[in-house]
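Small disclaimer: the values here were computed from a predicted structure and weren't measured.
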Amino acid sequence: LTSLIYNSFRNPEILLWERYIRKYSAKPIQEYWCELLRDMLNNDLSAAVACLEKHMEETIKGARSIYDEEKQGEADGFLSD
């Protein structure tokens, strides 16, 4: 089942990564992965979760959004509880 889910989202996810890199370069991604890896190596679950949430929010509707401004409203509420 995991492979089915992974393969279902693989192409859209790759397209989103490509869009992000074209807009902002790979440097922010490198910084994010370094921060997340540091938190995981330190066994700091709360810091790792906070890192994921912060970067997801920023990517969806923050300073480094992957969405075009005219489509930004479609992302509102995506991460809301």
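A 4.5 Å side-chain heavy-atom check between Leu4 and Ser8 finds at least one atom pair inside the cut-off.
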Salt bridge (charged side-chain N to carboxylate O under 4.0 Å, His left out) between Glu58 and Lys54: does it pass, once the steps are laid out?
CA-CA 6 Å; Glu58 182 179 276; Lys54 176 180 79 172; over 6 Å; no
Check step by step if side chain to side chain contact (heavy atoms under 4.5 Å, CB included) holds for Glu53 and Glu57.
CA-CA 6 Å; Glu53 290 175 346; Glu57 183 75 20; over 6 Å; no
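Residue pairs satisfying the salt bridge (Lys or Arg N to Asp or Glu O under 4.0 Å) criterion with at least one member in residues 36-50, sequence neighbours excluded, are absent.
Atom CZ of residue Arg22 and atom CZ of residue Arg19 lie 7.5 Å apart, to the nearest 0.5 angstrom. Taking CZ from Arg64 and OG from Ser25, the interatomic distance works out to 7.5 Å, rounded to the nearest 0.5 Å. For the atom pair OG1 of Thr59 and OH of Tyr24, the computed distance is 8.5 Å after rounding to the nearest 0.5 Å. The CD atom of Glu35 sits 9.5 Å away from the CG atom of Leu52 when rounded to the nearest 0.5 Å.
Residues meeting the side chain to side chain contact (heavy atoms under 4.5 Å, CB included) test with Ile29, sequence neighbours left out: Trp17, Tyr20, Ile21, Trp33. Under the rule for a side chain to side chain contact (heavy atoms under 4.5 Å, CB included), the partners of Leu41 that lie at least two apart in sequence or sit in another chain are Leu37.
Ser65 places a side-chain N or O within donor-acceptor distance of the main-chain N or O of Ile60, the cut-off being under 3.5 Å.
The hydrophobic clustering, which links ILVMFWY residues whose side-chain heavy atoms are closer than 4.5 Å, places Val49 and Tyr32 apart. No chain of hydrophobic side-chain contacts below 4.5 Å, direct or via other Ile, Leu, Val, Met, Phe, Trp or Tyr residues, connects Tyr67 to Leu15.
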